[in-house]
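These values consider heavy atoms only, across backbone and side chains, with no hydrogens, waters or symmetry-generated copies. Lettering of chains follows the sequences in order, A, B, ..., and the numbering in each one begins at 1.
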Amino acid sequence: MDTEQNNNINPKFLNPYNPQSTEDNIYKLWEDSGFFNPDVCIEKGVTDENAKPFSMVLPPPNVTGTLHVGHAAMLTIEDIMVRFARMQGKRTLWLPGTDHAAIATQSKVEKILEKEGIKKNDLGREEFLNRVNIFAQDSHDTIVSQMKKIGASVDWSREAFTLDGKRNLAVRTAFKKMYEDGLIYRGHRIVNWDPKGQTVISDDEVIHEERKAKMYTFKYSKDFPISIATTRPETKVGDTAVAVNPTDDRYKDFIGKTYTIEDFCGVKLNIKIIADESIDKDFGTGALGVTPAHSQIDAEMAGRHNLPTIQVINEYAKMIVGDERILNKKTTEARNVVVEWLRTEGLLEKEEDITQNISIAERTGGIVEPLPKLQWFINVNKPIKDRNNKTLKELMLDAVRSGGINIIPDRFEKVYYNWIENLRDWCISRQIWYGHRIPVWYKKTITNEELGINNENTKEIYCGINPPEDIENWDQDPDTLDTWFSSGLWTFSTLGWPDLNALDFKTYHPTNMLETGSDIIFFWVARMILMSTYLLGEVPFKNVYFHGLVRDAQGKKMSKSLGNAIDPLVVSEKYGADAVRMSLIIGTGPGNDSRMSEDKIRAYKNYANKLWNITRFVLSSTSNIKYDADFSEYTDIDKVLINERDEFLKETTKEMEEYKFYIVGEKIYQYTWTRFADVIIEESKNILLESDDKSKISRAQFLLDTLIKILKVLHPFMPFVTEEIWGMMPIDEKKLLIVEKWPI
RNA sequence: GCGCGAUUAGCUCAGUUGGUAGAGCAACUCAUUUACACUGAGAAGGUCGGGGGUUCAAGUCCCUCAUCGCGCACCA
């Protein structure tokens with residue numbers, strides 16, 4: 001190449017590609033262009049006003065800290081979908097936001113305050129919430145800057161927060177409607193109480209962990225005819241029955257009788273022998289001590305047999321009955337006391353080591369204590385008039401069964417159905433301060449105050465979008481809502497609902513795609529389907545794409561405590577966000593866990609540089625011609641190459657539409673490197689030097705045209721380097737690559 | 001207990017409706033200043049977890065077993 005030609009090349013190409021000095025500028029270029037916002041795209045004429053919409057909400061990250069590499073993977077997959085849709089000319093909206101994540105955020109802030117020696121009750125509700133808000137804002141700002149670093153092309157002008165004013169209106173509106181339809185009710189039931197977090201949690205927030213435990217077999221007293229087995233002897237002071245199977249000959253004669261035990265470790269018991277089909281004759285002694293206040297199953301049995309419920313454990317997991325031996329003791333201490341008592345009384349028959357699953361609160365790690373409490377629930381089994389008398393359960397099932405929602409990969413449909421079949425009423429009230437306050441007020445009356453807390457139910461209730469007018473006569477329910485209640489509304493609360501005429505709502509709902517982690521299929525995906533099918537009579541999204549977990553190179557879960565977590569910002573800084581994105585996409589099918597290693601990231605950094613050098617060669621060796629997009633004088637040899645390339649582009653487009661990004665990324669990589677660079681460019685060196693003019697021009701046009709097309713299909717995957725190179729391509733009437741047309 | 005997934009080259013994974021086993025990374029041999037060393041060329045590497053079946057033909061379909069991972073339920 002002579003010097004004159006090299007003079008036409010941007011001096012940037014004299015050095016290797018430098019993501020550090022490029023990426024932030026490119027992101028700013030996009031932001032300034034306004035093209036993340038579909039309205040601007042229409043205004044500036046890059047998108048047709050009548051174009052088909054493509055809409056997606058960002059699964060809002062929790063404002064509990066910073067983004068991890070799993071978020072980076074999520075953002076990359078979604079950004080690929082969005083950039084592809086935008087380049088296809090669709091009216092493309094990717095709506096960002098963050099999640100207040102009630103319990104998670106509150107307990108995080110509590111922990112931080114604890115280190116300073118401050119308890120939340122010392123601060124009071126208002127001041128504590130101030131502290132949480134400051135923390136949340138800080139978190140939010142970090143998250144936003146991280147998202148920009150990764151290259152997420154979200155429409156910042158529409159950013160939402162699950163706990164802001166607009167979302168609060170949506171929550172109140174939804175609550176009131178459900179309350180009026182009788183779907184939300186207040187009930188006194190056995191709930192999952194988290195003694196550590198001092199709040200009720202839903203069934204889905206309980207995780208099970210295998211632990212070693214002891215199972216004790218004993219009798220309540222010497223004269224009691226039946227032995228029972230338990231792992232929790234301390235709860236037995238709350239027993240009101242012993243249940244046996246009706247067909248069990250051993251116990252037949254006792255059914256229906258009631259025994260009084262005057263002294264069971266200091267507590268008087270009345271035990272009725274009942275027959276219940278649910279009892280397994282072969283398990284333990286074939287007889288179950290029924291503790292209605294502290295077991296879900298027992299409570300149901302108590303309901304069937306009209307048994308009294310005696311609460312013996314309080315919210316601090318301490319005993320509230322008995323004498324000084326157990327009263328006010330922690331359940332675990334009381335257990336030892338009761339076991340010792342049984343032993344000395346000669347009532348303990350057997351003591352065996354077993355492994356059992358214990359219930360743990362997901363967020364706090366507290367051991368869940370089933371307690372009877374007055375809480376708010378969503379009834380999933382009540383027929384709904386406006387919805388053909390279908391229940392919420394049925395609405396949720398129908399949405400997927402009918403094909404209205406397509407789940408990728410489809411094996412998650414079975415998981416979803418399985419969950420719904422076992423679904424019980426959803427407990428939505430939480431005894432925490434951070435969150436949407438329940439829009440219910442109770443009338444103040446002297447009598448009710450005298451009646452005390454157990455008669456809360458008798459108070460006059462007002463439920464409304466706004467507080468009652470004579471507010472001084474009312475107390476608002478102190479509880480807040482499960483964070484997933486507001487998340488369930490996310491696809492439409494972000495688009496202007498409850499204003500049904502909001503333009504965004506009419507244009508973009510139902511959304512086209514929900515991309516999220518398979519671990520929140522129940523928490524979030526199912527709840528969005530519930531809310532949308534009930535409130536709007538339509539699905540929240542037409543497609544769901546699940547991604548798996550990002551693990552380390554050895555396949556271990558990444559965690560801060562293991563020290564194997566890769567910080568997406570650190571590696572992006574080191575290798576460039578494009579390289580990180582590629583490494584997170586390739587080799588990762590939907591729903592499958594993937595592995596992340598620095599080796600892999602490094603390989604794609606090299607690829608970015610390869611593309612850089614390819615461009616340098618193509619530009620410097622074609623600078624004597626003018627690129628013509630409609631060039632038609634190709635040689636036969638080049639026509640063959642064009643066919644091959646277009647075949648590749650066609651396949652790629654098809655696979656993009658099938659969401660097979662893990663394949664497309666790899667194919668582009670391969671075509672660019674092993675085909676275009678290693679073979680076609682190598683051959684071109686001779687052609688461009690030695691052939692006739694027709695061949696030279698044909699090849700030069702082909703090289704430019706192909707590079708342009710590579711940049712386009714690669715853009716969703718590696719947006720920064722492609723946009724940077726695009727800016728230096730000798731093309732007339734060039735737009736930003738982000739809004740260029742997909743090449744096929 | 002019920003269900004789901006995985007098992008293919010040293011590692012990570014592809015493999016469409018059955019039709020001669022594929023890629024990246026790593027390792028190996030060679031080239032040595034090239035658009036690019038963040039490089040190029042080449043070669044090597046596999047009884048597709050085991051067993052059985054259907055078929056002209058099975059990595060792919062059916063049955064079964066094993067190992068690993070996960071979900072749900074139970075958890076007296």
Side-chain angles (χ1 to χ4, degrees), chain A residues 1 6 9 13-14 16-18 203-204 207-208 210-211 213 215-217 227-233 235-236 239 242-244 278-280 282-291 295-298 301 354-359 409 411-423 518-519 521-522 548-549 551 553-555 557 575-576 579 582-583 586-589 591-597 599-621 651 654-655 658 660 662-663 665-667 669-670 673-674 677-678 681-682 684-685 703:
Chain A
M1 292 306 115
N6 275 333
I9 302 304
F13 282 114
L14 296 176
Y17 173 60
N18 183 346
D203 294 345
D204 301 280
I207 53 169
H208 302 283
E210 225 171 55
R211 296 251 177 112
M215 182 148 84
Y216 305 94
T217 306
S227 302
I228 58 164
T230 183
T231 53
R232 299 199 58 188
T235 64
K236 298 291 104 182
D239 281 12
V242 163
V244 298
S278 68
I279 301 302
D280 180 352
D282 300 322
F283 194 96
T285 62
L288 165 70
V290 184
T291 323
S295 155
Q296 184 79 48
I297 302 267
D298 293 9
M301 216 176 294
I354 57 156
T355 51
Q356 67 164 2
N357 282 329
I358 61 159
S359 300
R411 63 187 148 91
F412 282 103
E413 284 183 15
K414 286 181 190 162
V415 178
Y416 177 79
Y417 295 143
N418 179 257
W419 179 77
I420 292 181
E421 276 152 24
N422 291 307
L423 186 62
S518 51
D519 53 334
I521 179 170
F522 310 134
L549 224 59
R551 298 171 175 276
Q554 280 72 45
K557 226 174 182 169
Y575 301 103
M582 278 298 260
S583 72
I586 290 176
T588 308
N592 294 339
D593 289 354
S594 60
R595 296 189 185 200
M596 174 90 169
S597 65
D599 277 353
K600 201 172 168 189
I601 305 173
R602 201 176 300 119
Y604 295 110
K605 177 183 163 39
N606 294 352
Y607 176 58
N609 194 56
K610 186 73 184 179
L611 192 69
W612 189 254
N613 283 305
I614 287 170
T615 309
R616 172 157 143 196
F617 174 82
V618 170
L619 292 189
S620 63
S621 56
E651 267 176 43
K654 183 168 167 273
E655 283 159 350
E658 292 165 351
K660 292 180 178 167
Y662 56 106
I663 291 178
E666 204 172 328
K667 275 193 180 167
Y669 176 93
Q670 233 168 291
W673 203 315
T674 56
D678 291 346
I681 285 185
E682 287 308 316
S684 300
K685 288 176 182 170
L703 289 178

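Across all strands shown, G59(B) forms no Watson-Crick or G-U wobble pair with both distances under 3.5 Å. As the counterpart of U47(B), no nucleotide is assigned, since no Watson-Crick or G-U wobble pattern has both distances under 3.5 Å. Base pairing analysis places G3(B) opposite C70(B); the two distances defining the Watson-Crick or G-U wobble pair are each below 3.5 Å. Across all strands shown, G24(B) forms a Watson-Crick or G-U wobble pair with C11(B), both key distances being under 3.5 Å. As the counterpart of U29(B), A41(B) is assigned, both hydrogen-bonding distances of the Watson-Crick or G-U wobble pattern falling under 3.5 Å.
Taking 4.5 Å as the limit, some side-chain heavy atom of M301(A) sits within range of a side-chain heavy atom of I279(A). A 4.5 Å side-chain heavy-atom check between I614(A) and K610(A) finds at least one atom pair inside the cut-off. Counting only heavy atoms from C-beta outward, the side chains of K236(A) and T291(A) approach each other to under 4.5 Å. Residues M596(A) and R551(A) fail the side-chain proximity criterion, which asks for heavy atoms closer than 4.5 Å. Within the 4.5 Å cutoff, the side chain of T230(A) has no heavy atoms near those of the M215(A) side chain. Within the 4.5 Å cutoff, the side chain of I521(A) has no heavy atoms near those of the W419(A) side chain. Contact of the L288(A) side chain with the D298(A) side chain is registered, since non-hydrogen atoms from C-beta on lie closer than 4.5 Å. Side-chain atoms of I586(A) and Y662(A), non-hydrogen and from C-beta on, never get closer than 4.5 Å to each other.
Regarding Y604(A), its OH atom lies at a distance of 6 Å from the C1' atom of G24(B), rounded to whole Å. Distance N418(A) CG to G3(B) P: 10 Å, rounded to the nearest Å. For D298(A) and C74(B), the CG to P distance is 12 Å, given to the nearest whole Å. Put simply, CD1 on I207(A) is 13 Å from P on A73(B), counting in whole angstrom units. Nucleotide C25(B) holds its P atom 11 Å from the CG atom of D599(A), rounded to whole Å. Rounded to whole Å, the distance from CD1 on I663(A) to C1' on G22(B) is 12 Å. With rounding to whole Å, F283(A) atom CZ is found 8 Å from C75(B) atom P. Put simply, CE on M596(A) is 17 Å from P on C25(B), counting in whole angstrom units.
Of the C1' atoms belonging to A58(B) and G15(B), the separation is 14 Å, rounded to the nearest Å. Taking atom P on both nucleotides, G1(B) is separated from U64(B) by 16 Å, rounded to a whole Å. Going from the P atom of G45(B) to that of A21(B) covers 15 Å, rounded to whole Å. Here, A26(B) and C11(B) have their P atoms 16 Å apart, quoted to the whole Å. For G10(B) and A27(B), the C1' atoms lie 8 Å apart once the distance is rounded to whole Å. Taking atom P in both G51(B) and A66(B), the straight-line distance is 15 Å, to the nearest Å. Distance noted for atom C1' between U8(B) and G49(B): 10 Å (whole Å). Distance noted for atom C1' between G53(B) and U67(B): 23 Å (whole Å).
In this model, the phosphate group of G24(B) is not approached by any side-chain N or O of W673(A) to a distance below 4.0 Å at OP1 or OP2. Note on K685(A): a side-chain N or O is less than 4.0 Å away from OP1 or OP2 of A35(B).
Listed nucleotides: C36(B), C75(B), C72(B). Nearest to the side chain of Q356(A): C75(B). Closest to the side chain of Y669(A), from the set C36(B), C75(B), C25(B), is C25(B). Side-chain proximity of N609(A) to the nucleotides A41(B), A35(B), C38(B) is greatest for C38(B). When distances are taken from the side chain of F522(A) to each of C38(B), A35(B), G71(B), the shortest belongs to G71(B). In the set C38(B), A73(B), C36(B), C38(B) carries the atom at the smallest distance from any side-chain atom of P16(A). When distances run from any side-chain atom of H208(A) to the nucleotides A73(B), G24(B), U39(B), the shortest one goes to A73(B).
Between A603(A) and T615(A), the residue anchored nearer the 5' end of RNA chain B, judged by the nucleotide with its closest heavy atom, is A603(A). Closest-nucleotide positions on RNA chain B for Y17(A) and I681(A) were compared, and the one nearer the 5' end corresponds to I681(A).
Within the nucleic acid shown, T355(A) has no heavy atom closer than 4.0 Å to any nucleic acid atom. Using a 4.0 Å heavy-atom criterion, one finds that E421(A) contacts no nucleic acid atom at all. The residue A213(A) sits apart from the nucleic acid: no heavy atom pair falls under 4.0 Å. Residue contacts for A608(A): at a heavy-atom cut-off of 4.0 Å it reaches no nucleic acid atom on any strand shown. Nucleic acid contact class of Y607(A) (heavy atoms, under 4.0 Å, all strands): none.
At a cut-off of 3.5 angstrom, counting only N and O atoms as typed in the model, there is no donor on one side facing an acceptor on the other between the side-chain of Q670(A) and the base of A14(B). Remark: the K610(A) side chain and the C36(B) base include a donor-acceptor N/O pair separated by less than 3.5 Å.
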Under 4.0 Å protein heavy-atom contacts per nucleotide of nucleotides 4-13 of chain B, with B for base, S for backbone only and - for none: SS------SS

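For the atom pair CD1 of I358(A) and CZ of R211(A), the computed distance is 3.5 Å after rounding to the nearest 0.5 Å. Once rounded to the nearest 0.5 Å, the distance linking OG1 of T588(A) with CG of L549(A) reads 11.5 Å.
Between Y607(A) and Y604(A), the two ring planes are perpendicular [angle over 60°; tilted spans 30° to 60°].
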